[in-house]
Amino acid sequence: MQHRNEVQVSRFILWLSILTFFSVMNETMFNVSLPEIATYFHIAPSAANWTNTCFSISFAIGVAVYGKISEHAGIRKLLLFGMLTYGFGSLLGLLGHGWYPCVLAARFFQGIGASAIPSLIMVMIVKVVQSENQGKAFGLIGSVVAFGEGLGPVIGGTVSGYMHWSLLFALPLLSLLALPFVLRTLPDEKTEGKAFDITGAMLLSSGILSFALFMTLLHWIYLTATIVLFALLALHIRRHREPFLEPFLFRKKRYLSAVLTGALLLGTVAGFISMVPYLMRSVYDMPTRLIGSAILFPGTLSVILFGMLGGMLADRRGHIAAMLTGLCMIAAGFLVVLFYTDRSPWFIAASMIVTFGGLSFVKTAVSASVASTLEENETGSGIGMLNFACFLAEGIGIAGVGGLLTKPWLKAPIVGTLTSQTAALYSNMMLIFIALTVFGGILFVVLYKRNWQ
């Protein structure tokens with residue numbers, strides 16, 4: 001009987017790994033195809049980048065929503081809803097890829113559906129896997145996440161390069177094959193019939209969307225709408241008995257400072273990553289398949305190695321040491337692109353490795369800093385808010401970069417090491433990324449020292 005249970009648990013982890021792989025792969029799979037999508041629809045990068053922005057924003061909202069209602073609605077129902085929504089979005093994009101609004105809607109539904117996996121995965125493992133084997137299960141899932149994120153650009157570049165980018169919508173449909181096996185293994189559960197704060201969720205979602213539009217179009221009307229919506233949300237949180245956002249988190253200065261700097265830095269790096277395919281197409285005329293496999297893939301793989309090193313450094317030297325190491329690596333990667341934008345594609349590949357490595361250190365420092373500010377009963381809400389803020393920042397960063405790439409004033413040559421007029425736009429963008437990185441680092445160190453003394 002025990003052997004039978006072990007086999008069942010092993011199968012559960014296997015099928016859960018498949019769901020996880022396709023969920024995280026979709027985060028990076030479309031990155032390399034953004035220039036191709038812009039060419040296909042004859043649209044500017046500011047519009048094409050919304051292919052990823054829609055996914056990131058809906059993914060962030062989904063992470064917050066699933067985590068909030070998992071105890072009340074039940075994991076089985078939420079997982080089924082999420083994966084069916086993911087499949088619907090994939091099918092919608094596959095069939096309606098000729099109309100760009102349909103592509104955006106498809107990516108939005110994909111994000112809402114795919115976010116069910118990272119939101120529920122920890123709870124599912126705790127409920128199904130015995131405590132002595134949970135560490136192995138979490139380690140395996142973590143490896144699957146890293147592998148899926150690393151393989152995403154390769155698969156995206158290969159499919160787009162040899163076939164068509166629209167077929168990227170077909171790949172997530174394969175994950176539905178694993179769904180019945182995961183659902184069969186999940187235990188029956190009792191749920192509480194608590195009400196869900198729909199008004200708070202809608203105000204937050206609308207405010208986020210409005211701010212993302214402002215970052216893309218830089219029009220005051222969207223900024224005004226954002227301020228009004230967030231003001232209404234703040235008023236709603238004060239009056240509602242069980243609001244969508246936990247009010248106590250906003251009273252924790254140490255927690256907020258770590259979340260703010262983490263979101264700023266992750267959003268900056270996400271914007272840089274979304275810019276690289278445009279750079280490689282414009283400056284080097286590199287085909288999509290090579291951008292994914294030769295430029296992005298080595299960087300995403302480096303996350304695995306540097307992630308372990310970052311954890312060791314944070315434990316031995318502290319959070320500030322890990323953060324400063326990561327910031328120096330990110331800044332070094334940005335400086336390479338700043339001065340050598342048009343020298344060799346391998347300079348860009350090296351920059352991606354260093355930048356992704358630095359991002360691993362930053363993520364470790366931010367996660368450790370946030371965890372140190374939370375009590376045991378606050379961990380779920382606190383970590384959920386951190387994940388929400390970081391995914392949201394990535395979407396806004398991608399949208400912002402798309403808007404900046406269309407601005408004529410960024411095309412004037414500033415750096416004297418460039419030999420190509422085309423490269424000036426991307427080199428100048430690096431000045432913005434470096435400024436944001438330095439600001440984020442100063443903010444973290446100042447707030448960290450002030451709040452931890």
Residues that [X] engages under side-chain hydrogen bond (donor to acceptor under 3.5 Å, both in side chains), provided they are two or more places apart:
X	result
S206	none
S58	none
S293	none
T85	none

To check you understand the geometry: which heavy-atom pair defines the closest contact between [X] and [Y], and what is its length?
X	Y	answer
M280	P345	CE-CB, 3.7 Å
A399	T53	N-OG1, 3.3 Å
I348	V276	CG2-CG1, 4.2 Å
L265	L436	CD2-O, 4.4 Å
L290	M286	CB-CG, 3.7 Å
L168	I155	CD2-O, 4.2 Å

[X] side, atom [atom1]; [Y] side, atom [atom2] - distance, nearest 0.5 Å:
X	Y	atom1	atom2	answer
N428	L405	CG	CG	11.0 Å
L425	L404	CG	CG	9.0 Å
I295	I273	CD1	CD1	13.5 Å
L173	M83	CG	CE	9.5 Å

Any pair counted as side chain to side chain donor-acceptor pair (under 3.5 Å), so long as it reaches residues 105-117, sequence neighbours left out
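Pairs touching residues 105-117 that pass the test: N26-R107, N26-Q110, N52-R107, S90-Q110, R107-Q110.
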What side chain to side chain donor-acceptor pair (under 3.5 Å) pairs are there with at least one residue in residues 163-179, not counting sequence neighbours?
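Matches after skipping sequence neighbours: H164-S166.
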Side chain to side chain contact (heavy atoms under 4.5 Å, CB included) partners of [X], counting only residues at least two apart:
X	value
L84	L80
I43	A38, F41, A47, A48, Y100
L235	R239
L92	F88, C102, A105, A106, F109

Check whether [X] reaches the backbone of [Y] with its side chain - one donor and one acceptor, N or O, closer than 3.5 Å.
X	Y	answer
N31	S274	no
N49	I398	yes
T288	G161	no

[Y] and [X], any side-chain heavy atoms less than 4.5 Å apart:
X	Y	result
I291	F297	no
M429	L279	no
T437	V269	no
Y426	Y278	yes

Applying side chain to side chain contact (heavy atoms under 4.5 Å, CB included) between M430 and each of V336, T341, L338, report the one that passes.
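The side chain to side chain contact (heavy atoms under 4.5 Å, CB included) with M430 is passed solely by L338 among V336, T341, L338.
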What residues, two or more places apart in sequence or in another chain, satisfy ring pair (Phe, Tyr, Trp, His ring centres under 6.0 Å) together with F439?
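Checked F439 against ring pair (Phe, Tyr, Trp, His ring centres under 6.0 Å); zero matches.
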Identify, with sequence neighbours excluded, every residue that meets ring pair (Phe, Tyr, Trp, His ring centres under 6.0 Å) alongside Y86.
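By the ring pair (Phe, Tyr, Trp, His ring centres under 6.0 Å) rule, Y86 matches no residue at all.
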Among side-chain atoms of E394 and S56, is any donor-acceptor pair under 3.5 angstrom?
no
Just by distance, no angles: are the side chains of S210 and T226 close enough, under 3.5 Å, to form a donor-acceptor pair?
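T226 and S210 do have a side-chain donor-acceptor pair below 3.5 Å.
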Look at the aromatic rings of F334 and F433 and report parallel, tilted or perpendicular, splitting at 30° and 60°.
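Geometry flag for F433 against F334: tilted rings.
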Could you go through F108 and F59, starting from their C-alpha distance and side-chain angles, then the distance that decides it, and tell me whether this counts as ring-ring contact (aromatic ring centres under 6.0 Å, His included)?
CA-CA 8 Å; F108 183 85; F59 195 93; over 10 Å; no
